[in-house]
Amino acid sequence: MNGVMSVRPTTETEIDHLARLWHEGWNDAHGDLAPAALVQARTIAAFRDRLAAALDDTRVIGPADAPLGFCMLRDDELYQLFVAREARGTGVAAALIADGEARLAARGFATVWLACAIGNDRAARFYEKCGWVMAREVVNRLETPAGVFEIAIWRYEKAVRPEQLR
């Protein structure tokens, strides 16, 4: 990637593209780790619905007709972070996570968290490189149209407010 990577608000016209990107990225990261019924529930349509519902909390990098990645927030959580295969290793994820951290800090949160699938070592290494610390294993409750799944995850945390960094 050349030049400065600009993180920007997501537009409604990008939902379909981002749903495909999310579906592909989720399957790359979780397809071998998640229960088969959860993998089946994670359809492009389900991702599209989730994106549409969280549009105001989602930011992207890349051209409007072909975004390269997105970051979604929920309360004090860096809720979703996915990057297109072709953009992995280019700095897109680092720019998105930094933007997400700054937005969470601006919302008044001192310490924030994210969920990482147990066994998703590539993501875990990336989070640790960005200063996140694996706090503990917890059970994450995932509500889907196919039912509720309770999945053990690694909970990563990071202090994002300057007064917490001293």
Side-chain angles (χ1 to χ4, degrees), residues 1 4-11 14-34 38-39 42 44 46-64 66-107 109 111-138 140-144 149 151-160:
M1 303 261 348
V4 176
M5 280 183 249
S6 176
V7 181
R8 60 179 176 71
T10 307
T11 65
E14 296 174 297
I15 291 174
D16 287 335
H17 183 88
L18 290 172
R20 288 188 300 275
L21 183 155
W22 192 357
H23 183 261
E24 177 181 277
W26 190 91
N27 278 286
D28 284 352
H30 304 102
D32 293 336
L33 303 174
L38 179 58
V39 174
R42 293 298 194 212
I44 291 175
F47 287 126
R48 187 188 190 296
D49 292 346
R50 291 169 69 194
L51 279 159
L55 205 59
D56 291 343
D57 287 320
T58 305
R59 298 194 18 119
V60 298
I61 285 183
L68 299 171
F70 72 93
C71 178
M72 183 186 297
L73 306 180
R74 182 173 69 182
D75 302 321
D76 63 343
E77 179 184 8
L78 199 143
Y79 179 55
Q80 302 292 334
L81 175 69
F82 284 92
V83 174
R85 282 183 187 141
E86 65 272 16
R88 293 179 191 157
T90 64
V92 167
L96 285 166
I97 202 168
D99 179 76
E101 291 167 6
R103 289 188 295 139
L104 287 165
R107 292 178 180 185
F109 297 110
T111 301
V112 297
W113 71 283
L114 61 80
C116 181
I118 293 174
N120 189 350
D121 297 327
R122 180 175 53 90
R125 283 190 303 273
F126 170 73
Y127 299 140
E128 290 166 5
K129 181 179 169 188
C130 292
W132 290 75
V133 175
M134 205 285 274
R136 62 191 171 276
E137 285 186 20
V138 297
N140 211 8
R141 185 175 167 83
L142 308 175
E143 295 185 23
T144 74
F149 294 84
I151 307 289
I153 54 107
W154 290 323
R155 179 185 168 114
Y156 276 81
E157 296 179 354
K158 185 173 183 178
V160 293

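Source: prediction; values computed, not measured. All heavy atoms count here, side chains included; hydrogens, waters and symmetry mates do not.
Every residue two or more places apart in sequence or in another chain that forms a side chain to side chain contact (heavy atoms under 4.5 Å, CB included) with Asn27 is listed here: His23, Val39. With sequence neighbours left out, the ring-ring contact (aromatic ring centres under 6.0 Å, His included) criterion links Phe109 to no other residue. In this structure, the side chain to side chain donor-acceptor pair (under 3.5 Å) partners of Arg103, at least two apart in sequence or on a different chain, are Asp99. For Arg20, there are no side chain to side chain donor-acceptor pair (under 3.5 Å) partners two or more places apart in sequence or in a different chain. Residues meeting the side chain to side chain contact (heavy atoms under 4.5 Å, CB included) test with Asp121, sequence neighbours left out: Arg125, Trp154. Partners of Leu142 by side chain to side chain contact (heavy atoms under 4.5 Å, CB included), not counting sequence neighbours, listed by chain and number: Leu38, Arg42, Asn140, Phe149, Ile151. Residues passing the side chain to side chain donor-acceptor pair (under 3.5 Å) test with Asp75: none are found, sequence neighbours excluded. Shown here are the ring-ring contact (aromatic ring centres under 6.0 Å, His included) partners of His30, two or more places apart in sequence or in another chain: Trp26. In this structure Ala64 satisfies the side chain to side chain contact (heavy atoms under 4.5 Å, CB included) test together with Arg8, Glu14, sequence neighbours excluded. Taking the side chain to side chain donor-acceptor pair (under 3.5 Å) definition, one finds that Arg88 meets it with Asp28, sequence neighbours left out. Checked against salt bridge (Lys or Arg N to Asp or Glu O under 4.0 Å), Glu24 has the following partners two or more places apart in sequence or in another chain: Arg85.
Counting all heavy atoms, side chain and backbone alike, Glu157 lies closest to Arg155 at OE2-NE, 2.7 Å. Pro67 approaches Leu21 most closely through the heavy-atom pair O-CD1, 3.6 Å. The nearest pair of heavy atoms linking Cys71 to Gly100 is SG-CA, 4.2 Å. When all heavy atoms of Leu33 and Gly119 are compared, the pair lying nearest together is CD1-C, 3.7 Å.
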| request: Give the intermediate values and the outcome of side chain to side chain contact (heavy atoms under 4.5 Å, CB included) for residues Leu96 and Val7. | output: CA-CA 7 Å; Leu96 285 166; Val7 181; 4.1 Å; yes
| What do the steps show when you test Phe126 against Asn120 for side chain to side chain contact (heavy atoms under 4.5 Å, CB included), and what is the final call? | CA-CA 10 Å; Phe126 170 73; Asn120 189 350; over 6 Å; no
| request: Just do the side chain to side chain contact (heavy atoms under 4.5 Å, CB included) check on Ile97 and Tyr127 with the steps written out, would you? | output: CA-CA 9 Å; Ile97 202 168; Tyr127 299 140; 3.9 Å; yes
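In this structure, the side chain of Thr10 engages the main chain of Thr58 through a donor-acceptor pair within 3.5 Å. Lys158 places a side-chain N or O within 3.5 Å of a backbone atom of Cys130 that can act as its donor or acceptor partner.
At a threshold of 4.5 Å between non-hydrogen side-chain atoms, the residues Val83 and Leu68 do not count as touching. By the 4.5 Å heavy-atom criterion applied to side chains, Val160 and Thr111 are not counted as neighbours.
To the nearest 0.5 Å, atom CD of residue Glu101 and atom CG of residue Leu78 are 7.0 Å apart. Here Leu114 contributes atom CG and Leu104 contributes atom CG; the two are 10.0 Å apart, rounded to the nearest 0.5 Å. Within the model, atoms CZ of Arg59 and OG of Ser6 stand 8.0 Å from one another, a figure rounded to the nearest 0.5 Å.
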I'd like a table of donor-acceptor pairs (distance under 3.5 Å, sequence neighbours excluded) in which one partner is a side-chain atom from residues 47-54, with atom names and distances.
unit_1 : atom_1 : unit_2 : atom_2 : d
Arg48  : NE     : Asp16  : OD1    : 2.6
Arg50  : NH2    : Tyr79  : OH     : 2.8

